[in-house]
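All chains are named by letter (A, B, ...) in the order of the sequence lines, taking the proteins before the strands, and each is independently numbered beginning at 1. All heavy atoms count here, side chains included; hydrogens, waters and symmetry mates do not.
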There are 2 protein chains.
Amino acid sequence: MPSGAQKRQPKYQRIAAALKEAIAAGQYGPGDRLPGESELMGTYGVARMTARQAFAALQAEGLVEARKGAGVFVREFKVGLRRRGIQRLAVEVWGAGGSIWAADGHGRDPQVEFLGVSEKPAPAAVAAALGLPAGAIVRVRRRRFLLDAKPVMVATSYLDAALTAGTAIAEPDSGPGGIYARLADLGRKPVRFREEVRSRMPTPEEADGLGLTSGTPVVLVCRTAFTADGHAVEVNEMTLDASAYVLEYEFDAP
Amino acid sequence: MPSGAQKRQPKYQRIAAALKEAIAAGQYGPGDRLPGESELMGTYGVARMTARQAFAALQAEGLVEARKGAGVFVREFKVGLRRRGIQRLAVEVWGAGGSIWAADGHGRDPQVEFLGVSEKPAPAAVAAALGLPAGAIVRVRRRRFLLDAKPVMVATSYLDAALTAGTAIAEPDSGPGGIYARLADLGRKPVRFREEVRSRMPTPEEADGLGLTSGTPVVLVCRTAFTADGHAVEVNEMTLDASAYVLEYEFDAP
DNA sequence: CCCCTAAACATATCTAGACATCTACTTGAC
DNA sequence: GTCAAGTAGATGTCTAGATATGTTTAGGGG
């Protein structure tokens, strides 16, 4: 080691920083293969576990992706699904400045895969939100959204089972206009929505269901739909691949 | 090992699953210390690195937190600050001279730490959003928000340097009502906002600045403020500790 | 009683090597 | 020419240590 350089930083962090810098400099582009473990061992004169630890640091950051038997690759962010809370015509006026994160997912809409509809006792939080007694039966509709055959979101919708019995909401195909149109048919048209947004690391089950590589968080969106008289008629819990979505909300200063 | 149970699953995953189950069962509560590496070595008859790998899996999930020299502890989620997209920005609030962050939290206000104001060439995306030529000079205000002396957000605000020259916006203390009240003084009152929300794992620098433990993502909120004539006057990039915040948005059906 | 120090303990880093499993490519048989 | 088997190489898992560094606690000195 030449002179008293920064020995404070662990070897694996310095290797990781060097790789990161090489990626940032464009030496390795998205999808490119990085030098392998054995190559790093030779280049930096470290043991294999140390080289692996460097890769682990980059994986945790979501920068690279290891494919067993193949190598470690710079991750490519195809991304760019833009989920708007409000679809308004005013977009032309207010959109003049352009979006900060130019997501070019124009026209590419995710495909919907229906996972089933069932009746179950409501989770406590859902029952409370819908104004139902604890343990009330709710109708549960589960869907999965795919972009280019890759899952990007899982959505679970909860509705009062008694209210929606015998309607298309209880069927796999909820008909034209979706469940909101059916709720309108019932005189329970949703007119106002509240969305609560969180983010955390996925459970192994979530990572499996969304096909997430390590280093990718999930975004949880919980939307509650209200009728004009202020009653909640639907709770929709969505689990999104954080690397695939940009959420967008617009609102006025009242 | 009794009979031919699931040997397909790696040891470290089974150890991690066992610990996870114990946590879920309440055997270890938030803040409690888990059995240490040497203890796991004895209990499961594995090497140190294998026990460490089990902990690493739980850390990546954000479930536990390792403190060097002390042990591995079940993470305690101090619960979310609620960040509302609408009420928070109500005209009455900042028009009356109150801080927009007074609406945050459950009565507990985050403290604001001012990190400085400066003039710099605008990043390309910011210049485009503000409708300024590439490389135009913008005023950059950086602040950090702390809850119980722990940082939870870093905010960087960009404004046209020429427009805001000589105003309180160029000073550390932007005066009563904050920079939006000052923009209103200039006849550039923001009346509409767009927020774009993403999430990803933090860079090491971000993790350091926010004091994040591994397994905690960041939420990126980019707010653009528009005047009545549709011009963007401010771009505010916020980096949030994902475990500290719940974002909330309300809107009407289109 | 407080402060400082030392020891015990815990995690963090690192090494060296073994076997497992998957991938991509090459080779050979049909 | 096509398909299958074989093989080299890559990451994944696991062991068994050594050394480094931070934390906690117990003890001793002031």
Side-chain angles (χ1 to χ4, degrees), chain A residues 1 4-19 28 31-60 62-75 204 207-208 211-215, chain B residues 1 4-19 28 31-60 62-75 204 207-208 211-215:
Chain A
M1 203 134 313
Q6 291 190 13
K7 182 66 175 69
R8 320 188 67 86
Q9 201 176 18
K11 287 185 183 178
Y12 78 93
Q13 281 187 16
R14 280 193 290 148
I15 297 175
L19 289 171
Y28 303 102
D32 285 0
R33 185 178 176 280
L34 293 175
E37 293 172 354
S38 0
E39 209 163 334
L40 287 192
M41 289 170 66
T43 304
Y44 294 95
V46 295
R48 191 168 157 240
M49 290 303 293
T50 306
R52 281 184 63 76
Q53 211 168 350
F55 282 134
L58 296 181
Q59 277 185 73
L63 220 90
V64 305
E65 178 178 1
R67 289 207 290 273
K68 183 175 179 178
V72 180
F73 299 82
V74 180
R75 212 168 130 194
D208 191 60
L212 301 177
T213 71
S214 88
Chain B
M1 203 138 310
Q6 291 189 13
K7 182 67 176 68
R8 317 194 70 86
Q9 201 177 19
K11 287 185 184 179
Y12 77 94
Q13 282 188 15
R14 280 192 290 149
I15 298 175
L19 289 172
Y28 303 102
D32 285 0
R33 184 179 177 280
L34 292 175
E37 294 173 354
S38 349
E39 209 162 334
L40 287 192
M41 289 169 66
T43 304
Y44 295 95
V46 295
R48 176 176 297 278
M49 288 303 294
T50 305
R52 282 184 62 75
Q53 213 169 350
F55 282 134
L58 296 180
Q59 275 185 75
L63 216 80
V64 305
E65 178 178 2
R67 290 207 288 274
K68 184 173 177 177
V72 179
F73 300 82
V74 180
R75 209 167 132 196
D208 191 60
L212 301 176
T213 71
S214 88

Nearest-Å distance, CD (B:Glu65) to P (C:dA10)? 18 Å

Give me the distances for all protein-to-nucleotides 21-25 of chain D N/O pairs that come in under 3.5 Å?
residue : atom : partner : partner atom : Å
D:dG22  : N2   : B:Gly69 : O            : 3.4
D:dT23  : O4'  : B:Gly69 : O            : 3.4

Please report, rounded to the nearest Å, how far the P atom of D:dG9 is from the CZ atom of A:Phe73. 16 Å

If every non-hydrogen atom of B:Leu19 is compared with every non-hydrogen atom of B:Phe55, which pair is closest and at what distance? CD1-CE2, 3.9 Å

Does D:dT13 have its OP1 or OP2 closer than 4.0 Å to a side-chain nitrogen or oxygen of B:Tyr12? yes

Mind checking what makes salt bridge (Lys or Arg N to Asp or Glu O under 4.0 Å) contact with B:Arg75, not counting sequence neighbours? none

Nearest heavy-atom neighbours spanning B:Ala57 and B:Ala16: CB-CB, 4.3 Å

Taken in chain and number order and not counting sequence neighbours, the residues that satisfy side chain to side chain contact (heavy atoms under 4.5 Å, CB included) with A:Ala56 are none

Excluding sequence neighbours, so at least two apart, what forms salt bridge (Lys or Arg N to Asp or Glu O under 4.0 Å) with A:Glu37? A:Arg48, A:Arg52

Between NZ of B:Lys11 and P of C:dA20 the distance, given in whole Å, is 13 Å

Tell me: CD of A:Gln9 to P of C:dA12, nearest whole Å? 17 Å

When every non-hydrogen atom of B:Leu40 is compared with those of B:Ala51, the smallest separation belongs to CB-CB, 3.9 Å

Can you name the side chain to side chain contact (heavy atoms under 4.5 Å, CB included) partners of A:Phe73, sequence neighbours left out? A:Arg33, A:Arg67, A:Ala70

From B:Lys11 NZ over to B:Thr50 OG1, what is the distance, rounded to the nearest 0.5 angstrom? 6.5 Å

What parts of residues 38-53 of chain B reach DNA chain D, counting only heavy atoms under 4.0 Å away? B:Gly45, B:Val46, B:Ala47, B:Met49, B:Thr50, B:Gln53

